[in-house]
Amino acid sequence: MAHAVPRTNGRLPGDLGGPGERAQRRRARRAVGLERELGRRRRVRAALANASITGASINERNIAACELLIPGLRCPSSTIPEHSFSPSYENWFVAKRTPISYAVCGSGTRTQLYVHTDVQNLDGAFQSIRRTTWGGRLRMRDFTDGLSNTVFVGEEEYALKTSYTDAELDLQGAARRKACWQFGSDSIDCDYGFNEAFGSTGVKLNYPKKTISDPTADLEAYIASFGSRHTGGANFMLGDGSVRFIRDGIDPATYSGLGTRAGGEVLGDY
């Protein structure tokens, strides 16, 4: 026997409603889920605020190791905080991540080291091999420019807060920032923020500081640059183990050439 079912508000009882209403419900569910996740993050942060190297959990011991400051990796003139809380993209935290003053040289030509496409087949002394297509392991024979003509490590100068909120992820359009971490990364394992390990001589030495309010290309160039608080230049370690103070006025072509391992450039005086 057929039954007449009255409509309520223009739809059958139990009807999920139109596309607009369903989308509104999905947004509401996501908002609830986000709030729960942020609450979990706050609890995790509090729980690991005092991680111990002798803790029972291997995760706690690893976090404590990441928080340990090695003084030799911090320039005495630097003003960066001893630790900074910086949330990651993958829901794990180092409550006291340790920033440092040095980055390895990944390139002599790149002006951005943000996403994975920026670090494929780098031309510098170091490269990422997270993916097989990004470039293989480097050997001595790959440094045809000569180790004494190739930058391995350089100084970086930047400012950090002691703490960032969960909303301040290191992403373009959010809270993109310059940072080099002593151990681990809150970004690279997610294929972002490769500047946390790499720098480039493809950007002018001591490039003027930029912020999120500046054009993206300028901000990324600053983030990829080497620099220091020293007057007139910065310190670099070359592949032969020597340390050179390179001045701001270095010829751009020479500076770029120092960052490549096999560019064949004829270097001028520096």
Side-chain angles (χ1 to χ4, degrees), residues 69-80 98-114 118-119 121-128 135 138-160 178-183 185 188 193-210 220-270:
L69 173 63
I70 298 177
L73 296 179
R74 182 75 61 83
C75 177
S77 68
S78 177
T79 59
I80 52 178
T98 308
I100 58 173
S101 303
Y102 305 97
V104 300
C105 185
S107 177
T109 58
R110 306 290 171 92
T111 58
Q112 176 172 294
L113 299 169
Y114 178 48
D118 298 328
V119 297
N121 298 304
L122 290 173
D123 56 359
F126 291 81
Q127 62 180 338
S128 174
L138 298 176
R139 298 171 175 81
M140 286 292 189
R141 63 173 177 265
D142 297 316
F143 292 80
T144 57
D145 287 349
L147 295 178
S148 62
N149 293 319
T150 305
V151 167
F152 270 45
V153 178
E155 284 190 272
E156 293 215 6
E157 167 60 17
Y158 54 96
L160 281 180
K178 185 179 181 74
C180 299
W181 302 117
Q182 179 175 272
F183 294 120
S185 166
I188 292 177
F194 288 86
N195 59 278
E196 293 182 353
F198 297 102
S200 174
T201 62
V203 182
K204 177 179 172 57
L205 178 59
N206 278 320
Y207 194 82
K209 181 181 178 180
K210 304 296 178 182
E220 291 299 336
Y222 161 68
I223 289 173
S225 68
F226 291 107
S228 78
R229 295 176 61 84
H230 308 306
T231 302
N235 291 299
F236 293 83
M237 186 184 77
L238 305 181
D240 63 354
S242 63
V243 175
R244 296 286 300 270
F245 184 79
I246 297 179
R247 300 197 171 276
D248 293 340
I250 185 174
D251 178 71
T254 296
Y255 184 56
S256 173
L258 284 168
T260 67
R261 63 180 180 273
E265 302 91 349
V266 177
L267 301 180
D269 295 331
Y270 65 94

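Since this is a predicted model, take the numbers as computed values, not measurements.
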Apply side chain to side chain contact (heavy atoms under 4.5 Å, CB included) to Asp123 and list each qualifying residue two or more places apart in sequence or on a separate chain.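 Residues passing side chain to side chain contact (heavy atoms under 4.5 Å, CB included) with Asp123: Ser107, Thr109, Thr260.
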
Under the rule for side chain to side chain contact (heavy atoms under 4.5 Å, CB included), what residues qualify as partners of Phe183, not counting sequence neighbours?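 Checked Phe183 against side chain to side chain contact (heavy atoms under 4.5 Å, CB included); matches are Cys66, Ile70.
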
Show every side-chain hydrogen bond (donor to acceptor under 3.5 Å, both in side chains) that has at least one partner inside residues 222-240, sequence neighbours left out.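 Residue pairs with at least one partner in residues 222-240: Glu155-His230, Glu155-Asn235, Asp240-Ser242.
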
Spatial distance of atom [atom1] ([X]) from atom [atom2] ([Y]) [nearest 0.5 Å]:
X      : Y      : atom1 : atom2 : value
Thr79  : Glu157 : OG1   : CD    : 5.5 Å
Gln127 : Phe198 : CD    : CZ    : 8.0 Å
Asn149 : Leu238 : CG    : CG    : 8.0 Å
Arg74  : Gln182 : CZ    : CD    : 8.0 Å
Leu258 : Ile250 : CG    : CD1   : 5.0 Å
Ile100 : Glu196 : CD1   : CD    : 10.5 Å

Residue pair [X] / [Y]: nearest heavy atoms and the distance that separates them:
X      : Y      : value
Cys105 : Thr201 : SG-CG2, 4.2 Å
Asp145 : Gly264 : OD1-N, 2.8 Å
Cys75  : Ser101 : N-OG, 2.9 Å
Ala197 : Ile188 : CB-CD1, 3.9 Å
Ser128 : Val119 : CB-CG2, 4.4 Å
Gly199 : Glu156 : CA-OE2, 3.7 Å

Heavy-atom donor-acceptor pair, [X] side chain to [Y] backbone, under 3.5 Å:
X      : Y      : result
Arg261 : Met140 : no
Ser256 : Gly108 : yes
Ser200 : Arg110 : yes

Member of Ile80, Asn195, Ile223 meeting the side-chain contact (heavy atoms from CB on, under 4.5 Å) criterion with Tyr158: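 Going through Ile80, Asn195, Ile223 one by one, the side-chain contact (heavy atoms from CB on, under 4.5 Å) with Tyr158 is satisfied by Ile80 alone.
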
Apply the test side chain to side chain contact (heavy atoms under 4.5 Å, CB included) to residues Arg244 and Tyr270: give CA-CA distance (whole Å), side-chain angles for both, the deciding distance (0.1 Å), then the verdict. CA-CA 9 Å; Arg244 296 286 300 270; Tyr270 65 94; 3.5 Å; yes

Give the C-alpha distance, both sets of side-chain angles, the deciding distance and a yes or no for side chain to side chain contact (heavy atoms under 4.5 Å, CB included) between Leu205 and Phe236. CA-CA 11 Å; Leu205 178 59; Phe236 293 83; 3.7 Å; yes

If you draw a 6.0 Å radius around CZ in Arg247, do more than 12 non-hydrogen atoms from other residues or ligands fall strictly inside?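 Check fails, neighbour count at 12 or below.
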
